[in-house]
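Worksheet: one structure, shown below.
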2 protein chains.
Amino acid sequence: MLLPSPQQLRYLVALADHGHFGRAAAACAVTQSTLSAGLIALERQLAAALLERGTAVKRPVFTPLGLELVARARTALAALEAVAETAAMARDPHSGPLRLGVIPTIGPFLLPRLMPALRAAYPRLRLWLREDLTERLVAGLEAGRLDLLLLALPAAGTMETLPLAEDPFRVALPRGHHLANRDSVPVAALAGERLLLLEDGHCLRAHAEAACGLPRGLANSGDEGFAATSLHTLVQMVAGNLGVTLLPQLAIDGGVLGDSPVEVRRLDGAAAPGRMLALAWRPRSPRSAEFAGLAPVVAAALA
Amino acid sequence: MLLPSPQQLRYLVALADHGHFGRAAAACAVTQSTLSAGLIALERQLAAALLERGTAVKRPVFTPLGLELVARARTALAALEAVAETAAMARDPHSGPLRLGVIPTIGPFLLPRLMPALRAAYPRLRLWLREDLTERLVAGLEAGRLDLLLLALPAAGTMETLPLAEDPFRVALPRGHHLANRDSVPVAALAGERLLLLEDGHCLRAHAEAACGLPRGLANSGDEGFAATSLHTLVQMVAGNLGVTLLPQLAIDGGVLGDSPVEVRRLDGAAAPGRMLALAWRPRSPRSAEFAGLAPVVAAALA
DNA sequence: GGAGCATGATCGATAGAACCGATTGAAACC
DNA sequence: GGTTTCAATCGGTTCTATCGATCATGCTCC
């Protein structure tokens, strides 16, 4: 079978991405004529029409088959990259760019400690950071825009996960709150309180609801008309006597409380309420071993 | 990122397959010098040692990284082939080579009817047949040596399956057997009989054991020292009064009984004892649509 | 309606890569 | 020790991907 050349597939994918011959060619670092000729050659080799020729003008229009082939070309190119990347990692591990995604309820509290540690352990690693909600990070990982995620389990998506450490939930109460008398607060006692949580989309919200045995979306139900957008905001709301909340131990250790008049207590529940911090990457990634090797450094920064 | 050329990856895979530069080169339709130079160029591009150079002689020895890259090269080449194949199928469906694997308890009874039907429906299809046990067929499918399987569910393996038709089990009894008095035989009645089955490895054996609620490997337990190797043999053993057996309706319709003094009766059980005939192919195969299109033809041959 | 503009296809020339055939170097076998 | 097998190397040839320039086409705006 005559295989299509990777270069031609790159042209095809670039054209799909940019919707413009000239810009696609620039992205491939070739001239427009080269890209155009390459695509025509590809169509001839495959004996199939990939683009609507002649009629449309303003932007290239793909045939249904063309779109299908774009998708397959992406996976083929990714597979080729995996070959090269495997070799690169074997030659020189823990170096080069690493695009790390972190969720907002971990990043601000762990990165100040983690980044120096990583820099010290792997000086040749060039770390790019992206902070976003779990769902968008997972999408970025699957699309190849990110290499590694630092998130909280459980999380949905097809990825390899490596649990790092349990991150237990604590109750945050306004100073002088009646529940603050005790050493620890039973989960059941929260039923009588106004429970404030992050806005929807944050995995911490779902995890906290699960920990309290709440059905999804019960907390914050329209009371104030707005939900907290960060743990710092949430602490301010608790300090302002608007209610109580759950905070992960990691955030408390990371100084989310500042000098707010807020007290934290342990939370007693059937199954140690909390979340599991973890690393995640694409299954069969060439860098799996490298990523797993980072785990001790991250775990040390957590401890 | 500089991608490795598909040709060089083919050299690498061919060398792994043949263990010999000259034969690998012949398989790639190039001279030995070309293949050798190609591999050296690949090693230089990846800046990694793939082969143990200098020391060993009698056959090429791969480094651990080399073996890893061979595996990744296989998947990359398969992905490239999928691009070309997708285009080929869109251009000219139901044509070209189709490597079909069939299990021995289906093939002899279905193919005589199926092959002419397929030839009539898709004259340009060039059908290659391989008859083997389910496990080996699935391995062949996953390795890319086969394109499509015709087998019985349930079966293990990562593949897309399309159920075609139920194939109920019948009881085969020697003529004059006391169970032959009735119209149908309850599953429970088989407990008192010597149940003959195919030798281990045949999925029909496992399916029959499951249908009878038997633990695996109970039937045929060392009685005669040998198990049947085909359904034809099995019928002869029943005719010889060695015991009773289960036969799929498909085999009976296909004439497995011949003129043996064997009678068949329906089998009464909780959940209609039988197996499900199905087509199976690699997930995301470019030819999924084509294979699914074959289903009606196969189903017609079954009816 | 015609000039100007943007976009993609085409053409000729060229540099680099792939490949072949022959040869060399080295280890193993008889 | 001579022979055989095997892989690496070398010089020459062919092929092809690419460039720069040009052409064809359809839209936009005056």
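Letters go in sequence order (proteins before strands), and every chain restarts at 1. Basis for what follows: all heavy atoms, side chains included, without hydrogens, waters or symmetry-related copies.
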- Message: Nearest heavy atom decides the nucleotide; on that basis, is A:Thr34 or B:Phe21 closer to the 5' end of DNA chain D?
- Response: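 Looking at DNA chain D, the more 5' nearest nucleotide goes with B:Phe21.
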Scan [X] against the nucleic acid and name what it touches under 4.0 Å (heavy atoms): base, sugar-phosphate only, or nothing.
| X | answer |
| --- | --- |
| A:Gly38 | nothing |
| B:Ala29 | sugar-phosphate |
| B:Gln7 | sugar-phosphate |
| B:Ala24 | nothing |

- Message: If I take atom CG in residue A:Leu3 and atom P in nucleotide D:dT16, what distance separates them, rounded to the nearest angstrom?
- Response: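 Atom-to-atom, A:Leu3 to D:dT16, this comes out as 15 Å.
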- Task: Measure the distance from CG on B:Leu51 to P on D:dC6 and round it to the nearest whole Å.
- Result: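 Answer to the nearest Å: 16 Å.
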- Side-chain donor/acceptor of A:Ser33 to base of D:dG20, under 3.5 Å: yes
- Query: Would you say A:Arg136 has more than 12 foreign heavy atoms packed within less than 6.0 Å of its CZ?
  - Reply: no
- Message: Are there over 12 heavy-atom neighbours, none belonging to A:Glu135, within less than 6.0 Å of that residue's CD?
- Response: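 No, CD of A:Glu135 has 12 or fewer neighbouring heavy atoms, counting only those of other groups under 6.0 Å.
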- Message: Given A:Asp147, which partner from the list A:Arg130, A:Arg126, A:Arg99 fulfils the salt bridge (charged side-chain N to carboxylate O under 4.0 Å, His left out) test?
- Response: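 The single option meeting the salt bridge (charged side-chain N to carboxylate O under 4.0 Å, His left out) with A:Asp147 is A:Arg99.
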Output yes when at least one side-chain N/O atom of [X] is less than 4.0 Å from OP1 or OP2 of [N], else no.
| X | N | value |
| --- | --- | --- |
| A:Thr31 | D:dG20 | no |
| A:Ser36 | C:dA9 | yes |
| B:Tyr11 | C:dC19 | yes |

